[in-house]
Amino acid sequence: MRVLVVGGGAREHVAAWALARSGSKIYTVMKNNNPGLRRLSEEVLIHPETDVETVASWAEGRVEMAFIGPEAPLEKGLVDILEERGIPTVGPSREAARLETSKSFMRDLMRRHNLPGQVAYRYCENMDDLRTAVGEMGTEVVVKPVGLTGGKGARVYGEHLHGEEDIYRYGEEIFGGYGGGRLVVEEKLTGEEFTLQAFTDGRRLLPTPLVQDHKRAYEGDEGPNTGGMGSYSMADHLLPFVTQEEREQALSIMQGVIDAMREEGTPYKGILYGQFMLTRDGPKVVEFNARFGDPEAMNVLSILDDPLEEIFRGLVSGDLPTKASFRHLATVCRYVVPVGYGSSPKKGVRLEVDEKRIRESGALLFYASVDERDGAVYTTTSRSLAVVGASPEMKGAVESCERALEAVRGEYYVRHDIGTPEAIERKKRHMEQVRSGGQ
């Protein structure tokens, strides 16, 4: 089948890689020249993915199905236009994508349907609203723009905000236009975050293994939030601090959201990404995303045994398979990023990538926001490339990942602590403290 892949990051590279392994022929629209995607593709259009009319016109007559990777084209209604032109698409409509593109919509939906996993929140349109919210909720809060911020908009009291004045300064930045100019204040949750991603045809969910992302820029979970520095998953498809019962609770919350969307006349199909905080009282919803996570897509699609094209076909036809097979391997994904990523990234730095040596390491390579010019790869202001190690034991996955990173030369930064025994043990101990009533 001829499949359109929209997006030029590592998430789209791994999806195209999995589709190609299924026998799909890939056609790609991306704003940057991602060398991995380009080599997998029959044809490529280098163009802004949010110019939905141009994307749809280019796809018409070329492809039989589409997969939308990033959130921005979803917000612009690309799925609606493609399907109007007869191209079934893996992704939600513009209205359904509000689960991600409007944090207030998501919170209000959960409240209307009395779904578990809710948090206390206040929606603010101006500084008076914000001051009232802080007066009612106190300072132990998270402040988020309502709109899209590339996963970088949430600021947590005690980590990014250190007093009422910090909250108000950030509010002024948001009301000045950042993330759509409106914000949500939410209660601050204590626990460990985890990600559950699932395919959905609007009725059923087909879940993938649990993953834990690392958003902070520096080792030890320090520094500013980023789009994600890397992630890991375990061979049993759980996480060391999440029980099977807690996973089922999270999946049940996601099923409730899918049911609520259908009941309200806005059926949701595509990929549903649930970001949860595991608290003393069970899983609470941090956010939903209307697409695969990046980097979490690399952890799950790299160990998918079933043909991705078949899953996508069932999804768009409303006949999603009841189960999918994932290999029982631990995975570690680490991002190579420009120096200064998260604050002032260095753009235009040349990276030398020895792909043969990476293959020999046993790891997988997925290019992200790089530009290829004259056979060389250069950094942009975003993440550059991801390497993924997989093994029956986490130790082997980490070792494979480290060997692969030695094959990348140039000026860059990597978080080497992701997936290490020390880092995982720290998270387990933290969750034990939370369960016992500590912080």
Side-chain angles (χ1 to χ4, degrees), residues 6-7 9 11-12 15 49-50 52 66-80 82 89-113 115 117-119 121 123 142-154 174 178-184 186 193-202 205 207-208 211 213 215 225-228 250-251 253-262 264 266-277 283-297 300 315:
V6 176
R11 168 182 48 210
E12 291 76 38
E49 300 127 9
T50 51
V52 295
F67 163 75
I68 314 303
E71 60 274 22
L74 297 173
E75 185 180 37
K76 296 291 186 181
L78 179 56
V79 171
D80 309 69
L82 288 170
T89 302
V90 177
S93 67
R94 183 177 186 174
E95 287 295 297
R98 287 184 297 164
L99 273 180
E100 173 173 8
T101 62
S102 172
K103 295 176 182 67
S104 57
F105 172 83
M106 180 272 287
R107 293 295 183 202
D108 290 347
L109 178 84
M110 292 189 70
R111 178 182 282 175
R112 284 196 301 276
H113 291 264
L115 297 178
Q118 295 184 56
V119 303
Y121 70 100
Y123 175 51
V142 180
V143 182
K144 300 178 179 180
V146 167
L148 297 177
T149 57
K152 304 168 191 174
I174 295 170
Y178 180 55
R182 294 172 294 170
L183 64 81
V184 174
E186 299 173 356
E193 288 193 31
F194 68 92
T195 301
L196 176 56
Q197 303 167 101
F199 305 93
T200 181
D201 59 6
L205 289 170
T208 70
V211 184
D213 181 23
K215 285 196 173 296
N225 276 345
T226 71
L251 186 61
I253 293 168
M254 292 171 67
Q255 184 66 59
V257 168
I258 291 298
D259 293 343
M261 293 290 284
R262 190 176 66 255
E264 295 202 357
T266 313
Y268 183 103
K269 67 170 176 60
I271 312 300
L272 183 62
Y273 165 119
Q275 187 77 44
F276 294 92
M277 182 74 79
K284 303 284 187 179
V285 175
V286 176
E287 65 180 0
F288 289 112
N289 290 333
R291 34 73 188 181
F292 275 122
D294 187 349
E296 297 100 324
V300 299
L315 190 158

Asks: Can you sort out the partners of Y273 under ring pair (Phe, Tyr, Trp, His ring centres under 6.0 Å), two or more places apart, ordered by chain and number?
Replies: none
Asks: Quick one: list whatever passes side chain to side chain contact (heavy atoms under 4.5 Å, CB included) with E95, sequence neighbours left out.
Replies: S93, R98, T266
Asks: Which heavy atom of I174 sits nearest a heavy atom of R182, and at what distance?
Replies: CG2-O, 3.3 Å
Asks: Would you compute the distance between atom CZ of R111 and atom OH of Y121 and round it to the nearest 0.5 angstrom?
Replies: 3.5 Å
Asks: Over 60° means perpendicular and under 30° means parallel, so tell me whether F288 and F276 are parallel, tilted or perpendicular.
Replies: perpendicular
Asks: Take I68 and R291, measure what side chain to side chain contact (heavy atoms under 4.5 Å, CB included) needs, and give me the verdict at the end.
Replies: CA-CA 8 Å; I68 314 303; R291 34 73 188 181; over 6 Å; no
Asks: Please report the interatomic distance CG(L196) to OG1(T208), rounded to the nearest 0.5 Å.
Replies: 6.0 Å
Asks: Applying side chain to side chain contact (heavy atoms under 4.5 Å, CB included), name anything that partners V52, two or more places apart in sequence or on another chain.
Replies: K76, L78, I81
Asks: List the steps, then state whether side chain to side chain contact (heavy atoms under 4.5 Å, CB included) holds for Y123 with R107.
Replies: CA-CA 10 Å; Y123 175 51; R107 293 295 183 202; over 6 Å; no
Asks: Would you sort out whether E287 and E100 count as a side chain to side chain contact (heavy atoms under 4.5 Å, CB included), showing the intermediate values?
Replies: CA-CA 7 Å; E287 65 180 0; E100 173 173 8; over 6 Å; no
Asks: Of all residues at least two apart in sequence or in a different chain, which pass the salt bridge (charged side-chain N to carboxylate O under 4.0 Å, His left out) check with D213?
Replies: K215
Asks: Quick one: closest heavy-atom pair of P70 and G7, and the distance?
Replies: CD-CA, 3.9 Å
Asks: If you look at every heavy atom in L99 and M106, which pair is closest and at what distance?
Replies: O-CB, 3.6 Å
Asks: Applying side chain to side chain contact (heavy atoms under 4.5 Å, CB included), name anything that partners A260, two or more places apart in sequence or on another chain.
Replies: L109, H113
Asks: Any chance you could lay out the side chain to side chain contact (heavy atoms under 4.5 Å, CB included) test for M110 and I253, step after step, and finish with the verdict?
Replies: CA-CA 9 Å; M110 292 189 70; I253 293 168; 4.1 Å; yes
Asks: Holding to salt bridge (charged side-chain N to carboxylate O under 4.0 Å, His left out), I want the full list of residues that pass it with K144, two or more places apart in sequence or in another chain.
Replies: E186
Asks: Tell me whether D80 contacts the main-chain N or O of R94 through its side chain, where contact means a donor paired with an acceptor under 3.5 Å.
Replies: yes
Asks: Would you compute the distance between atom CG of D201 and atom CD1 of I258 and round it to the nearest 0.5 angstrom?
Replies: 9.0 Å
Asks: Could you tell me whether the side chain of E12 and the main chain of G9 form a donor-acceptor pair under 3.5 Å?
Replies: yes
Asks: To the closest 0.5 Å, what do you measure between CD (Q197) and CD1 (I271)?
Replies: 8.0 Å
Asks: Please name the pair of heavy atoms, one in T89 and one in K269, separated by the smallest distance, quoted to 0.1 Å.
Replies: O-NZ, 2.5 Å
Asks: Considering all heavy atoms of both residues, which atom of P283 and which atom of F194 are nearest to each other, and what is their separation?
Replies: CB-CZ, 4.2 Å
Asks: Mind listing the closest non-hydrogen atom pair of A290 and P92 along with its distance?
Replies: O-CD, 3.6 Å
Asks: Calculate, to the nearest 0.5 Å, the distance between atoms OG1 and CG belonging to T200 and L205 respectively.
Replies: 4.5 Å
